[in-house]
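Each chain gets a letter, A, B and so on, in the order the sequences are listed, and its residues count up from 1.
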Amino acid sequence: MIKVLFFAALRERLHCDQYTAHCATPATVESLLLHLQQHNEQWQQALSGTELLCAINQTMVSHSAEVVAGDEVAFFPPVTGG
Amino acid sequence: MIKVLFFAALRERLHCDQYTAHCATPATVESLLLHLQQHNEQWQQALSGTELLCAINQTMVSHSAEVVAGDEVAFFPPVTGG
Amino acid sequence: MTVFVAVQTDDFCQASEYDELRRNAGCGAIVTFCGLVRDLQSTTLSGMTLEHYPGMTEKALKDIAYIAKSRWKLGAVHIIHRVGTLKPNEQIVLVGVASAHRAEAFSACEFIMDYLKNRAPFWKKEHTAQGAYWVEAKVSDQQALARWE
Amino acid sequence: MTVFVAVQTDDFCQASEYDELRRNAGCGAIVTFCGLVRDLQSTTLSGMTLEHYPGMTEKALKDIAYIAKSRWKLGAVHIIHRVGTLKPNEQIVLVGVASAHRAEAFSACEFIMDYLKNRAPFWKKEHTAQGAYWVEAKVSDQQALARWE
């Protein structure tokens, strides 16, 4: 079980703040994204952008990073604070 | 007639804040310095440093700059404000 | 080194942060940066909403402060970032750095802002007469960060 | 662009300058630098006297502000420099810059300090338990200025 969070424009496009993914673990960010893309066409499109950033347990990671059960995985567009 | 000002460590070494020089004009900063160095040995030493900065009418200049009658010429060590 | 980090909806007081930074013994140089809500595109900006990733933002700001600390000799770093809805001219972010020497204070302060702009999970949505839209990330911000690598 | 320059014996208020700088429309980035009297050599500094060249100092600071203006797009530059006798921890100098973008505000503020350190006619004499001595100009300050050429 993986807790998945979405933020900002991505959150709005998916109409979803938080989602519990039940994919096989250990996985990678890349394989988790493929799993989430199967949800529907809207998700397929929104989650296939190459610019999508990812954090595991609140630390930024690359898309090849490993995801294990119990992780909190967040996806979001490039940040624009400051 | 040239109004000459001295500041900081140079002022202390010369025991002089302000001096009226009566050298021939137009002169250069370099020739004015030679004129001032004739004052005494103390002045000769204190005014021969290559690090000495010069301003004519409150604008920093090089030692080759021209000095004309009525100018305010200031000599001082490298600045240390800020 | 003192590190103070806050993510808050309330406004902050630049003067209080400056006074705190001044208290660091041996630090003769204090540099502060403040970012304000401004209408730079000449649209009719009525405000801005700052979304963030609660929990990660504080962690990211602390990480950034310690990365700066590992690169320069610093006495104190303060980072405050606001979230929620802000009106034009309101303060968004403050970064304050105290150091013994000015070059280190300037570098660290600018580095922290460049890092924050690219790595801290905040997102701006601007509200204008033409509607609300998410601010796009700028290539110039990526380039600004790349200078430090 | 607003340029405010002052050479004064009285202390200044960093907060007031920041508030003034914030009033510049279109400037989303405010960078301030403040320099304080500190005992960096671990001598027993009891104070400092700042001598200056009256008349030329104001002119030099204005010139520096306008040189910065010619290099970057700035909304306002404030420079305040104190003279006379100062105690440890007192404020010596403030440089504040308002600009639309942070990179310009940071560059201009640091440039002004580097320029001021090398070109504005101020001299520091430190008072210590071992006696009073004139501060020597630093090669690092010359090198800092050379970066901008």
So, for D/Gly55 and B/Gln58, which heavy atoms are closest and what is the spacing to 0.1 Å? C-OE1, 3.3 Å
Looking just at side-chain N and O atoms, do B/Thr80 and D/Lys138 make a donor-acceptor pair shorter than 3.5 Å? no
Check whether any side-chain heavy atom of D/Lys125 sits under 4.5 Å from a side-chain heavy atom of B/Glu12, and report yes or no. yes
Hey, is CD on D/Glu136 packed in by over 12 heavy atoms from elsewhere, all under 6.0 Å? no
Anything under 30° is parallel, anything over 60° is perpendicular, the rest tilted; go ahead and classify D/Trp123 against B/Phe7. parallel
Contact origin within D/Arg82 toward chain B - heavy atom pairs under 4.5 Å: neither
Greater than 12 external heavy atoms within 6.0 Å of D/Lys59's NZ: yes
From CE (B/Met60) to CE (D/Met56), nearest 0.5 Å: 5.0 Å
For D/Ala137 and B/Val79, work out which heavy atoms get closest and say how close. CB-O, 4.0 Å
Given that the side chain runs from C-beta out, which part of B/Ala9 has a heavy atom under 4.5 Å from chain D: side chain, backbone, both or neither? both
Please say whether more than 12 non-hydrogen atoms of neighbouring residues, nucleotides or ligands are located less than 6.0 Å from CD in B/Glu51. no
Is it true that a side-chain atom of D/His81 and a backbone atom of B/Gly81 form a donor plus acceptor pair closer than 3.5 Å? no
